[in-house]
Visitor: 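Here you go, one structure.
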Amino acid sequence: MHDIRRIRKDPNEIKESIARKGFDADIEEAVVIDDQWRNRIAQSERLKSELNKASRDIGAVKKAGNDAAEEMKAAKNIRVQIAEIDEEANIFKDKRNSLLLTIPAEPDEKAPEGLTEDQNVIYREATQFSKFDYKIIDHVTLAEELGILDMARGSKITGTAFPVYIGDGATLERALINFMLDEHVHNEDYKEVFIPFLVNRDSALGTGQLPKLEDDMYYVGNDELYLIPTSEVPITNLHRNEILNYKDLPIKYTAYSACFRREAGAYGAETRGLLRIHQFNKVELVQIVEPESSEQTQLDILSSATRLLDMLELPYRVVELCCGELSFAAARCFDIEVWSPATENWLECSSISNFRDFQARRMNLRYREKVGNKPNYPHTLNGSALATSRLMVSILENYQTPERRVRIPRVLKPYMNNLDQIRGNHP
RNA sequence: GGAGGAUUAGCCUAAUUGGUAAGGCAGCGGUCUUGAAAACCGCCGGGACUGACGUCCCUUGCAGGUUCGAGUCCUGCAUCCUCCGCCA
């Protein structure tokens, strides 16, 4: 949520800024409503001051054994006035806040201009491609042939685009997750957390999934809970409504979670097999840092993620999103894309975002630079490192042999009982 | 799910029949000291207004209610503890 004081100072600054994202918002209206709120609050506080004084006087009169009926009557009158004014104040406050909650984060100065995908910028050119002198078949055909993936049964037990991994496929999925977590925890200094996969409404509002993405989340009505679309939501919200000590920063968390996305309206060729599924696995990195260091932190997270792809020896490139492609809460974002040789497509397997103070403000997350100082908003960042489903696609295709087997990437072998190849049903 | 108890600022602990949150520890700044400790002084939940000094409002798990006035009384909810029930 944006700083209403800043908006009041210069409504056009934010208006122009979010226009880079292709957004428009009635910011003047928010200021008008805020004026109304301020007006009521000032009145209310003046009356409360009067009431407090009157009450203390009544106490003194009664203690002295005198009658205070008149004074009590007057005081009651003040209370009634306060109730009326507070009610109005709350209406204005709610109205102002729900308006503010629909205004997206401002893009970073460095975010490239543009509103559509083709205006994204290649931030880092593709790494070395594998050369094949035989035909590579696509991941679904191969995986189902090998018997390590079963889309049809997933569809039977749950619905379309809920994959079932079987045998070495299931082990490979688990190997990827464990490999990535181990790297972040043991070869970097992230703290591992295991979080709930359902969150309440306040959490989803805090990181900015709500109100905009309501239709993209699975909602459990009985308990008013949302299935998480990413572990960013529970992890970042761990410190919602807290005031952190500057000595605690940076906070670095990593977690595995299943992620659930309804992907409303998304069907077609791009959804084939594991390309776009309703439940997938992801290892996430989240950092809470002081504002001055967030730009560097985002690059750090980017290299933590690309390091995994280097180790997995998969071809990838890094794309920086233009303003219009940035998510609601993001100020700047890098996507990492792995190569699918069968379809000759780039597949997004990571998104690394700097939210600056946008999420912190929404969730009232603050830190104190020094004792006695006013609390300040930290910057929050996160990045997938990495989402497994498209890695799986890329592994199945890039590590495919002429015999239609799949070699196991070197770094994953220890996690696969030193298995060399997935042979599946092939001899 | 049921019964009983608990929740006061980072931690610990007070507050008479309802009278407007007292204190300790830790922490930070200062005086003193060669340095440190001790001692002493100040700060030590959030917010609004103000150039500043300050003034005011809110805060006893959360949300309501009763009252001139609520940590205290009433209702609902949450969390924790104990016991019972259920359960991978």
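Order of the sequence lines sets the chain letters (A, B, ...), proteins ahead of strands, with each chain counted from 1. All figures in this text were calculated on a predicted structure; none of them were measured in a lab. All heavy atoms count here, side chains included; hydrogens, waters and symmetry mates do not.
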Visitor: What residues, two or more places apart in sequence or in another chain, satisfy side-chain contact (heavy atoms from CB on, under 4.5 Å) together with Q279(A)?
Guide: F162(A), A258(A), F260(A)
Visitor: Output every pair passing ring pair (Phe, Tyr, Trp, His ring centres under 6.0 Å) with a member in residues 2-45 of chain A, not counting sequence neighbours, ordered by first then second residue.
Guide: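 For residues 2-45 of chain A: H2(A)-F358(A).
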Visitor: When you check the gap from the basic side-chain N to the acidic O, do E106(A) and R356(A) get nearer than 4.0 Å?
Guide: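 Looking at R356(A) together with E106(A), the answer is no, because their closest N to O distance does not fall below 4.0 Å.
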Visitor: Please determine if R366(A) and E242(A) form a salt bridge, counting it only when a charged side-chain N lies under 4.0 Å from a carboxylate O.
Guide: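 Answer for the salt bridge query: no.
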Visitor: Counting primed atoms plus P, OP1 and OP2 as sugar-phosphate and everything else as base, spell out the protein contacts along nucleotides 67-75 of chain B at 4.0 Å heavy-atom distance: B, S or - for each nucleotide, 5' to 3'.
Guide: BBS------
Visitor: Sequence neighbours excluded, which residues qualify as side-chain contact (heavy atoms from CB on, under 4.5 Å) partners of N187(A)?
Guide: E183(A), R307(A)
Visitor: Return each pair, listed once, that meets ring pair (Phe, Tyr, Trp, His ring centres under 6.0 Å) where at least one residue sits in residues 378-401 of chain A; pairs must be two or more places apart or across chains.
Guide: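 For residues 378-401 of chain A, and leaving out neighbouring residues, there are no ring pair (Phe, Tyr, Trp, His ring centres under 6.0 Å) pairs at all.
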Visitor: For RNA chain B, which residues of residues 84-98 of chain A approach it to below 4.0 angstrom with any heavy atom?
Guide: none
Visitor: Taking side-chain contact (heavy atoms from CB on, under 4.5 Å) as the test, write out the residues that go with N345(A), two or more places apart.
Guide: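 Here the qualifying residues are T343(A), L347(A).
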Visitor: Are there any protein N/O atoms within less than 3.5 Å of an N/O atom in nucleotides 51-54 of chain B, and if so, which ones and at what distance?
Guide:
none

Visitor: Quick one: list whatever passes salt bridge (charged side-chain N to carboxylate O under 4.0 Å, His left out) with E320(A), sequence neighbours left out.
Guide: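 Expected list: R332(A).
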Visitor: Could you tabulate the donor-acceptor pairs under 3.5 Å formed by side-chain atoms of residues 284-292 of chain A, not counting sequence neighbours?
Guide:
unit_1	atom_1	unit_2	atom_2	d
E284(A)	OE1	K282(A)	NZ	2.6
Q287(A)	NE2	Y190(A)	OH	3.0

Visitor: Report the residues that fulfil side-chain contact (heavy atoms from CB on, under 4.5 Å) with A74(A), sequence neighbours left out, ordered by chain and then residue number.
Guide: none
Visitor: Does OP1 or OP2 of A48(B) have a side-chain N or O of R46(A) closer than 4.0 Å?
Guide: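 No, R46(A) has no side-chain N/O under 4.0 Å of OP1/OP2 on A48(B).
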Visitor: Want to know the stems of RNA chain B: at least 3 consecutive Watson-Crick or G-U pairs with distances under 3.5 Å, which are they?
Guide: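 As far as RNA chain B goes, consecutive pairing (with distances under 3.5 Å) yields the stems B:1-7 with B:78-84, B:10-12 with B:23-25, B:27-31 with B:39-43, B:45-49 with B:54-58, B:61-65 with B:73-77.
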